[in-house]
Amino acid sequence: MGLQALFFYIFAFVAIASAFMVVASRNPVHSVLFLILTFFNAAGLFLLAGAEFLAMILLVVYVGAVAVLFLFVVMMLDIDLGRIRSGVLEYAPIGALVGVILLAELIVVLGGSFVSPQVAQNVGVPIPDFAVRSNTAALGDLLYTDYVYFFQIAGMVLLVAMIGAIVLTLQHNRSVKRQDIATQVARNPQTAVETRTVKPGQGI
(Lines give C-alpha, C1' and ligand atoms only; values in the text may rest on other atoms or scores of the structure.)
Protein backbone atom coordinates (compact mmCIF):
# COMPACT_ATOMS: atom_id res chain seq x y z
CA MET A 1 0.00 0.00 0.00
CA GLY A 2 1.42 3.34 -1.08
CA LEU A 3 1.48 6.49 0.97
CA GLN A 4 -1.21 8.12 -1.16
CA ALA A 5 -3.56 5.15 -0.74
CA LEU A 6 -2.94 5.18 3.03
CA PHE A 7 -3.87 8.86 3.31
CA PHE A 8 -6.91 8.24 1.12
CA TYR A 9 -8.26 5.59 3.48
CA ILE A 10 -7.52 7.76 6.52
CA PHE A 11 -9.30 10.81 5.06
CA ALA A 12 -12.21 8.72 3.79
CA PHE A 13 -12.72 6.89 7.09
CA VAL A 14 -12.61 10.07 9.18
CA ALA A 15 -14.91 11.89 6.73
CA ILE A 16 -17.52 9.11 6.83
CA ALA A 17 -17.31 8.80 10.62
CA SER A 18 -17.61 12.55 11.18
CA ALA A 19 -20.48 12.81 8.67
CA PHE A 20 -22.31 10.11 10.61
CA MET A 21 -21.70 12.00 13.85
CA VAL A 22 -23.17 15.16 12.31
CA VAL A 23 -26.51 13.35 12.14
CA ALA A 24 -26.15 11.20 15.26
CA SER A 25 -24.87 13.86 17.66
CA ARG A 26 -27.47 15.12 20.12
CA ASN A 27 -25.84 18.50 20.64
CA PRO A 28 -26.20 20.88 17.64
CA VAL A 29 -22.87 22.55 18.45
CA HIS A 30 -21.12 19.18 18.29
CA SER A 31 -22.86 18.49 14.97
CA VAL A 32 -21.43 21.70 13.48
CA LEU A 33 -17.95 20.84 14.76
CA PHE A 34 -18.18 17.38 13.20
CA LEU A 35 -19.35 19.07 9.98
CA ILE A 36 -16.19 21.20 9.98
CA LEU A 37 -14.11 18.05 10.45
CA THR A 38 -15.92 16.46 7.51
CA PHE A 39 -15.07 19.44 5.31
CA PHE A 40 -11.39 19.24 6.27
CA ASN A 41 -11.18 15.57 5.33
CA ALA A 42 -13.08 16.16 2.09
CA ALA A 43 -10.53 18.87 1.25
CA GLY A 44 -7.78 16.31 1.86
CA LEU A 45 -9.45 13.93 -0.58
CA PHE A 46 -9.62 16.71 -3.17
CA LEU A 47 -5.90 17.34 -2.73
CA LEU A 48 -5.15 13.67 -3.27
CA ALA A 49 -7.23 13.76 -6.46
CA GLY A 50 -5.24 16.73 -7.79
CA ALA A 51 -8.06 19.27 -7.39
CA GLU A 52 -6.26 21.76 -5.20
CA PHE A 53 -8.60 24.60 -6.21
CA LEU A 54 -11.68 22.74 -4.98
CA ALA A 55 -9.86 21.87 -1.75
CA MET A 56 -9.02 25.49 -1.03
CA ILE A 57 -12.53 26.66 -1.94
CA LEU A 58 -13.97 24.04 0.42
CA LEU A 59 -11.80 25.27 3.27
CA VAL A 60 -12.19 29.00 2.64
CA VAL A 61 -15.91 29.11 1.78
CA TYR A 62 -17.48 26.27 3.73
CA VAL A 63 -15.21 25.99 6.76
CA GLY A 64 -14.24 29.64 6.98
CA ALA A 65 -17.69 31.10 6.36
CA VAL A 66 -20.65 28.75 6.22
CA ALA A 67 -19.73 26.28 8.98
CA VAL A 68 -18.51 29.00 11.34
CA LEU A 69 -21.71 30.98 10.67
CA PHE A 70 -23.76 27.88 11.49
CA LEU A 71 -21.78 27.45 14.69
CA PHE A 72 -22.42 31.02 15.86
CA VAL A 73 -26.11 30.82 14.94
CA VAL A 74 -26.57 27.53 16.79
CA MET A 75 -24.76 28.86 19.85
CA MET A 76 -26.74 32.13 19.95
CA LEU A 77 -30.18 30.62 19.34
CA ASP A 78 -32.14 29.12 22.19
CA ILE A 79 -32.75 25.71 20.62
CA ASP A 80 -35.20 23.37 22.29
CA LEU A 81 -33.51 19.98 21.92
CA GLY A 82 -36.57 18.12 23.20
CA ARG A 83 -38.72 19.63 20.48
CA ILE A 84 -36.17 18.69 17.83
CA ARG A 85 -35.97 15.09 18.98
CA SER A 86 -39.74 14.72 19.21
CA GLY A 87 -40.16 15.36 15.46
CA VAL A 88 -37.59 12.81 14.32
CA LEU A 89 -40.04 9.92 14.03
CA GLU A 90 -42.38 11.99 11.87
CA TYR A 91 -39.75 12.33 9.14
CA ALA A 92 -38.33 8.82 9.51
CA PRO A 93 -40.29 7.35 6.53
CA ILE A 94 -39.17 10.15 4.22
CA GLY A 95 -35.57 9.78 5.40
CA ALA A 96 -35.71 6.03 4.87
CA LEU A 97 -37.07 6.55 1.34
CA VAL A 98 -34.27 8.99 0.50
CA GLY A 99 -31.72 6.54 1.93
CA VAL A 100 -33.08 3.70 -0.21
CA ILE A 101 -32.91 5.88 -3.34
CA LEU A 102 -29.29 6.87 -2.61
CA LEU A 103 -28.37 3.25 -1.94
CA ALA A 104 -29.93 2.18 -5.25
CA GLU A 105 -28.00 4.90 -7.09
CA LEU A 106 -24.72 3.79 -5.49
CA ILE A 107 -25.41 0.18 -6.44
CA VAL A 108 -26.10 1.18 -10.05
CA VAL A 109 -22.92 3.30 -10.26
CA LEU A 110 -20.64 0.74 -8.63
CA GLY A 111 -22.25 -2.15 -10.47
CA GLY A 112 -21.83 -0.38 -13.79
CA SER A 113 -18.15 0.24 -13.12
CA PHE A 114 -17.59 -3.44 -12.36
CA VAL A 115 -19.63 -4.71 -15.31
CA SER A 116 -18.10 -2.34 -17.89
CA PRO A 117 -14.88 -0.72 -16.64
CA GLN A 118 -14.38 1.12 -19.95
CA VAL A 119 -17.32 3.40 -19.17
CA ALA A 120 -15.36 5.21 -16.44
CA GLN A 121 -12.58 5.94 -18.93
CA ASN A 122 -14.89 7.66 -21.43
CA VAL A 123 -14.95 11.04 -19.74
CA GLY A 124 -16.40 14.01 -21.60
CA VAL A 125 -13.52 16.40 -20.87
CA PRO A 126 -10.18 14.76 -20.04
CA ILE A 127 -7.86 16.33 -17.49
CA PRO A 128 -5.24 18.44 -19.28
CA ASP A 129 -1.55 18.12 -18.71
CA PHE A 130 -0.42 20.15 -15.70
CA ALA A 131 2.58 21.42 -17.65
CA VAL A 132 0.28 22.95 -20.27
CA ARG A 133 -2.73 24.07 -18.25
CA SER A 134 -3.18 24.20 -14.49
CA ASN A 135 -6.09 22.53 -12.76
CA THR A 136 -7.64 25.83 -11.68
CA ALA A 137 -7.44 27.35 -15.17
CA ALA A 138 -8.93 24.21 -16.76
CA LEU A 139 -11.80 24.21 -14.28
CA GLY A 140 -12.47 27.89 -14.96
CA ASP A 141 -12.44 27.32 -18.72
CA LEU A 142 -14.96 24.51 -18.40
CA LEU A 143 -17.19 26.24 -15.87
CA TYR A 144 -17.38 29.65 -17.55
CA THR A 145 -17.60 28.47 -21.18
CA ASP A 146 -19.46 25.18 -21.60
CA TYR A 147 -21.52 25.36 -18.40
CA VAL A 148 -21.85 29.11 -17.90
CA TYR A 149 -25.66 29.08 -18.21
CA PHE A 150 -26.01 26.23 -15.73
CA PHE A 151 -23.68 28.13 -13.40
CA GLN A 152 -25.89 31.23 -13.61
CA ILE A 153 -29.05 29.17 -13.06
CA ALA A 154 -27.51 27.57 -9.94
CA GLY A 155 -26.67 31.03 -8.63
CA MET A 156 -30.24 32.23 -9.21
CA VAL A 157 -31.64 29.17 -7.45
CA LEU A 158 -29.44 29.84 -4.43
CA LEU A 159 -30.44 33.52 -4.45
CA VAL A 160 -34.15 32.68 -4.53
CA ALA A 161 -33.68 30.13 -1.74
CA MET A 162 -31.85 32.69 0.39
CA ILE A 163 -34.55 35.33 -0.15
CA GLY A 164 -37.27 32.79 0.61
CA ALA A 165 -35.56 31.73 3.83
CA ILE A 166 -35.27 35.36 4.94
CA VAL A 167 -38.92 36.08 4.15
CA LEU A 168 -40.17 32.96 5.95
CA THR A 169 -38.08 33.45 9.08
CA LEU A 170 -38.25 37.24 9.41
CA GLN A 171 -40.53 38.22 12.27
CA HIS A 172 -41.09 41.82 13.33
CA ASN A 173 -41.47 42.50 17.02
CA ARG A 174 -44.25 45.06 17.39
CA SER A 175 -43.03 46.15 20.81
CA VAL A 176 -39.83 47.54 19.28
CA LYS A 177 -40.04 51.11 17.98
CA ARG A 178 -38.75 51.19 14.40
CA GLN A 179 -37.77 53.99 12.08
CA ASP A 180 -40.32 55.05 9.44
CA ILE A 181 -38.53 56.92 6.66
CA ALA A 182 -41.73 57.93 4.83
CA THR A 183 -43.23 59.49 7.96
CA GLN A 184 -40.04 61.42 8.68
CA VAL A 185 -39.78 62.79 5.15
CA ALA A 186 -43.47 63.83 5.10
CA ARG A 187 -43.21 65.96 8.28
CA ASN A 188 -44.00 69.65 8.09
CA PRO A 189 -43.36 72.56 10.51
CA GLN A 190 -46.80 72.14 12.06
CA THR A 191 -46.08 68.57 13.10
CA ALA A 192 -42.34 68.93 13.70
CA VAL A 193 -42.38 71.99 15.99
CA GLU A 194 -44.39 72.23 19.18
CA THR A 195 -44.62 75.58 20.99
CA ARG A 196 -45.19 75.44 24.72
CA THR A 197 -45.50 78.25 27.27
CA VAL A 198 -43.07 77.83 30.16
CA LYS A 199 -43.92 79.60 33.40
CA PRO A 200 -41.13 81.31 35.34
CA GLY A 201 -39.38 78.96 37.76
CA GLN A 202 -40.89 75.83 36.20
CA GLY A 203 -39.53 73.37 33.74
CA ILE A 204 -41.19 71.75 30.76
Side-chain angles (χ1 to χ4, degrees), residues 1-77 79 81 84-85 88 91-92 94-114 117 119-121 123-131 133-144 147 150-151 154-155 157-158 161-162 165:
M1 179 183 296
L3 188 61
Q4 184 175 1
L6 177 62
F7 278 105
F8 171 79
Y9 286 114
I10 293 175
F11 286 140
F13 175 77
V14 177
I16 294 174
S18 56
F20 175 77
M21 291 303 299
V22 171
V23 183
S25 181
R26 296 182 178 181
N27 193 334
V29 178
H30 295 169
S31 296
V32 177
L33 293 177
F34 280 117
L35 181 63
I36 295 175
L37 182 60
T38 305
F39 286 153
F40 270 106
N41 288 274
L45 293 175
F46 278 131
L47 284 177
L48 292 178
E52 69 281 352
F53 176 74
L54 295 179
M56 294 301 105
I57 287 296
L58 187 63
L59 292 179
V60 173
V61 176
Y62 285 92
V63 177
V66 179
V68 176
L69 179 62
F70 286 167
L71 180 60
F72 280 108
V73 169
V74 169
M75 292 177 65
M76 288 188 297
L77 292 179
I79 300 177
L81 299 179
I84 295 176
R85 296 170 189 170
V88 173
Y91 300 100
I94 300 177
L97 178 61
V98 174
V100 170
I101 294 174
L102 291 176
L103 180 61
E105 292 177 352
L106 289 175
I107 292 175
V108 170
V109 172
L110 296 177
S113 63
F114 282 112
V119 175
Q121 300 176 359
V123 293
V125 181
I127 300 176
D129 189 7
F130 289 155
R133 195 70 170 166
S134 64
N135 184 271
T136 305
L139 181 62
D141 294 339
L142 184 64
L143 186 62
Y144 295 110
Y147 300 100
F150 298 100
F151 181 77
V157 170
L158 293 176
M162 181 180 65

Atom pairs and distances, donor-acceptor, side-chain atoms in residues 97-105, under 3.5 Å, two or more places apart:
none

Partner residues of Phe13 under the ring-ring contact (aromatic ring centres under 6.0 Å, His included) criterion, sequence neighbours left out: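 None.
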Residues which pass ring-ring contact (aromatic ring centres under 6.0 Å, His included) with Tyr144, listed by chain and number, not counting sequence neighbours: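 Listed in chain order: Phe151.
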With Ile16 via side-chain contact (heavy atoms from CB on, under 4.5 Å) - residues at least two apart: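 Ile16: no side-chain contact (heavy atoms from CB on, under 4.5 Å) contacts found.
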With Ala137 via side-chain contact (heavy atoms from CB on, under 4.5 Å) - residues at least two apart: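 By the side-chain contact (heavy atoms from CB on, under 4.5 Å) rule, Ala137 matches Arg133, Ser134.
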Extract all donor-acceptor atom pairs below 3.5 Å that involve side chains of residues 33-42 and protein atoms in other chains or at least two apart in sequence.
from	atom 1	to	atom 2	distance (Å)
Thr38	OG1	Ser18	OG	2.8
Thr38	OG1	Ala19	N	3.4
Thr38	OG1	Phe34	O	2.8
Asn41	ND2	Leu37	O	2.6

Please report the closest heavy-atom contact between [X] and [Y], naming both atoms and the distance.
X: Ala12; Y: Leu45; value: N-CD2, 4.0 Å
X: Ala43; Y: Ala55; value: O-CB, 3.4 Å
X: His30; Y: Ser25; value: CB-OG, 3.2 Å

Residue pairs passing the side chain to side chain donor-acceptor pair (under 3.5 Å) test where at least one lies in residues 64-73, sequence neighbours excluded: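 Matches after skipping sequence neighbours: none remain.
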[X] side, atom [atom1]; [Y] side, atom [atom2] - distance, nearest 0.5 Å:
X: Phe8; Y: Leu48; atom1: CZ; atom2: CG; result: 8.0 Å
X: Phe46; Y: Ile57; atom1: CZ; atom2: CD1; result: 11.0 Å
X: Leu143; Y: Phe53; atom1: CG; atom2: CZ; result: 8.5 Å

Within 6.0 Å of OH in Tyr62, more than 12 heavy atoms from elsewhere: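 No.
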